[in-house]
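The figures that follow rest on heavy atoms only: side chains count, while hydrogens, waters and symmetry mates do not.
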Amino acid sequence: HVQLEESGGGLVQAGGSLTLSCAASGTTFSINAIGWFRQAPGKERELVAQISWNGLSTDYADSVKGRFTISRDDAKSTAYLQMNSLKPENTAVYYCAAASVPGLTRYLADFGSWGQGTQVTVPA
């Protein structure tokens with residue numbers, strides 16, 4: 001079983017930056033990819049970015065390409081989401097999740113382990 005714990009959320013002004021962390025523990029050998037998702041009030045949860053556990057492959061939502069960067073630290077079993085040029089529409093609860101299916105996947109159902117979420121607020 002994989003446990004995930006996010007940290008790093010908070011309030012940041014538009015145009016600012018924030019880095020989220022996702023620390024994995026437990027059966028991390030079963031992880032093939034880590035994804036960052038977000039859910040704004042009244043909206044569906046959506047994929048923001050994902051990275052293969054070996055760090056060789058990444059995938060981004062079109063809306064964050066060029067502004068967000070996903071990375072991982074193998075020694076710390078931690079994934080990061082560096083968010084730059086933040087906008088009010090980026091306000092949401094951000095979740096990290098782990099997938100054990102081969103390759104990268106955009107299906108939420110393939111992510112079997114989820115963190116508790118961390119709030120990111122960008123005031124208008």
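- Of all non-hydrogen atoms in Asp73 and Tyr80, the two that sit nearest each other are CB-CE1, 3.8 Å.
- Across all their heavy atoms, Gln13 and Pro123 have their closest contact at NE2-CG, 4.2 Å.
- With rounding to the nearest 0.5 angstrom, the CG atom of Leu104 is 11.0 Å from the CG atom of Asp110.
- The minimum heavy-atom distance between Lys76 and Thr78, with the atom names listed, is O-OG1, 2.8 Å.
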Side-chain donor-acceptor pairs of residues 93-102 under 3.5 Å, sequence neighbours excluded:
| from | atom 1 | to | atom 2 | distance (Å) |
| --- | --- | --- | --- | --- |
| Tyr94 | OH | Arg38 | NH1 | 3.1 |
| Tyr94 | OH | Asn90 | O | 2.7 |

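- Between Glu6 and Trp114, the closest side-chain pair of non-hydrogen atoms is not below 4.5 Å.
- Glu44 CD: 12 or fewer foreign heavy atoms inside a 6.0 Å radius.
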Could you tabulate the donor-acceptor pairs under 3.5 Å formed by side-chain atoms of residues 15-22, not counting sequence neighbours?
| from | atom 1 | to | atom 2 | distance (Å) |
| --- | --- | --- | --- | --- |
| Ser17 | OG | Asn84 | OD1 | 2.9 |
| Thr19 | OG1 | Gln82 | OE1 | 2.4 |

Steps toward side-chain contact (heavy atoms from CB on, under 4.5 Å) verdict (Trp53, Asn32):
CA-CA 5 Å; Trp53 196 234; Asn32 277 334; 5.5 Å; no
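- The aromatic rings of Phe37 and Phe111 stand perpendicular to each other, their planes meeting at an angle above 60°, with 30° marking the opposite boundary.
- Taking each heavy atom of Gly9 and Val120 in turn, the nearest pair found is CA-CG2, 4.2 Å.
- Looking at every heavy atom in both residues, Gln39 comes nearest to Lys43 through NE2-O, 3.2 Å.
- Put simply, CG on Leu47 and CG on Asp59 are 6.0 Å apart, with the number rounded to the nearest 0.5 Å.
- Between the OG atom of Ser57 and the CD1 atom of Ile51 there is a distance of 8.5 Å, given to the nearest 0.5 Å.
- Atom CZ of Arg72 is separated from atom OG1 of Thr58 by 12.5 Å, given to the nearest 0.5 angstrom.
- With hydrogens and angles ignored, the 3.5 Å screen pairs no side-chain donor or acceptor of Thr27 with any backbone N or O of Phe29.
- Judged by distance alone, with hydrogens and angles left aside, the side-chain atoms of Glu5 form no donor-acceptor pair with the main-chain N or O of Ala23 at under 3.5 Å.
- To the nearest 0.5 Å, atoms CD1 (Ile70) and CD (Gln50) are separated by 7.5 Å.
- The side-chain heavy atoms of Gln119 and Thr91, taken from C-beta on, include a pair separated by under 4.5 Å.
- In plain terms, the two heavy atoms of Ala92 and Ala40 that are nearest each other are CB-N, 3.8 Å.
- Proximity of Thr69 to Leu81: side-chain heavy atoms (C-beta onward) are nowhere separated by under 4.5 Å.
- Note: Ser52 OG to Ile34 CD1 = 10.5 Å, rounded to the nearest 0.5 Å.
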